[in-house]
Structure formats: C-alpha cells, structure tokens
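Here is the structure we will look at, set down as structure tokens.
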Amino acid sequence: PALASIMGHFGGSLYKCKPSGIITYSPGPWGGMRGAMSMQLMCHELGCLPVSKLCGIPTVSDLLNEDGTPTGDHRMLKQLPGLLDQLEWMASAMKKQREAVGMF
C-alpha cells in the first residue's frame with residue numbers, strides 16, 4: 001500500500017512511456033503476488049508499462065542472512081535474469097521510439 005500511495009502522489013506524466021519491472025517479496029508462501037497484480041494494473045494506468053515477467057520471493061527470511069547476504073541457491077531468484085533481460089529490451093525499444101516520434 002505504501003508504494004502505491006507514493007506513486008499516486010506524483011501523477012502519471014512522470015511515469016509515462018517508461019518501462020518497469022515488478023519484484024515483490026513476503027514472509028509468506030506467495031511472495032507478494034497479490035500486491036504485484038495490483039501494482040501491474042497501477043503501472044498500466046500510469047503509462048509505465050511493466051514487462052511480463054514477475055519476480056516474487058516467498059519466505060524472504062529464508063533467503064537472506066541478517067547481514068543481507070543470500071543464504072544459498074534460492075530457486076525464486078532464477079526469475080530475475082529473465083525479468084532484467086525483458087526490462088533492458090523494453091527500455092531500449094521505448095527510448096528509440098521516444099527519440100523517433102516523441103511522446104504522445
């Protein structure tokens with residue numbers, strides 16, 4: 001709720017024609033996916049198009065040590081490279097399109 005509230009304060013023009021990637025985490029087994037679905041809709045409404053891949057990290061306390069270092073090979077982190085690849089591709093494509101025709 002806090003992120004959605006903050007994003008709402010800045011207005012859509014700030015996010016217009018920019019790519020986004022959604023990464024969530026939670027202490028429970030679903031990795032914040034319910035929040036990710038609502039953020040996806042909000043990003044679309046603001047014109048900040050999210051890539052199709054999501055990264056949800058469940059039971060985040062099992063993933064990180066107290067100092068923030070990873071505890072080991074966590075299967076959910078394998079989602080990150082695909083998300084980041086899509087985000088980089090989308091950012092390059094959207095930048096080229098903005099340069100070619102401007103914003104609408």
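Both backbone and side-chain heavy atoms feed into the values below; hydrogens, waters and symmetry mates do not. Since we're looking at a predicted model, the values are computed, not measured. Index from 1, following the sequence.
- Looking only at distances, no side-chain donor or acceptor of T59 sits under 3.5 Å from a matching main-chain atom of S61.
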**Request:** Report the C-alpha distance between M94 and L49 in whole Å, list the side-chain angles of each, state the deciding distance to 0.1 Å, and finish with yes or no for side-chain contact (heavy atoms from CB on, under 4.5 Å).
**Result:** CA-CA 10 Å; M94 292 177 89; L49 303 178; 4.2 Å; yes
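- Under the 4.5 Å side-chain heavy-atom criterion for grouping Ile, Leu, Val, Met, Phe, Trp and Tyr, W30 is not connected to L63 through any hydrophobic cluster.
- The heavy-atom pair separating P19 from M90 by the smallest distance is CB-CG, 3.5 Å.
- In this structure, the separation between CZ on R98 and SG on C17 is 7.0 Å, given to the nearest 0.5 Å.
- Between T24 and M39, every side-chain heavy-atom pair lies at or beyond the 4.5 Å cut-off.
- The OG atom of S20 lies 10.5 Å from the OH atom of Y15; values are rounded to the nearest 0.5 Å.
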**Request:** Show your reasoning for whether side-chain contact (heavy atoms from CB on, under 4.5 Å) applies to M7 and C43.
**Result:** CA-CA 9 Å; M7 288 178 73; C43 286; 4.2 Å; yes
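- Considering only heavy atoms from C-beta on, D62 stays 4.5 Å or farther from T71 through its side chain.
- In this structure, D67 contributes its side chain and T69 its backbone to a donor-acceptor pair below 3.5 Å.
- Counting heavy atoms from C-beta on, the side chains of L46 and L14 never come closer than 4.5 Å.
- In this structure, the separation between CD1 on I57 and CG on L80 is 6.0 Å, given to the nearest 0.5 Å.
- Side chains of K53 and I22 form no contact here, defined as non-hydrogen atoms less than 4.5 Å apart.
- Counting only distance, with no hydrogens or angles, the side chain of Q40 and the backbone of P50 share no donor-acceptor pair below 3.5 Å.
- The closest side-chain heavy-atom distance from V51 to L83 is below 4.5 Å.
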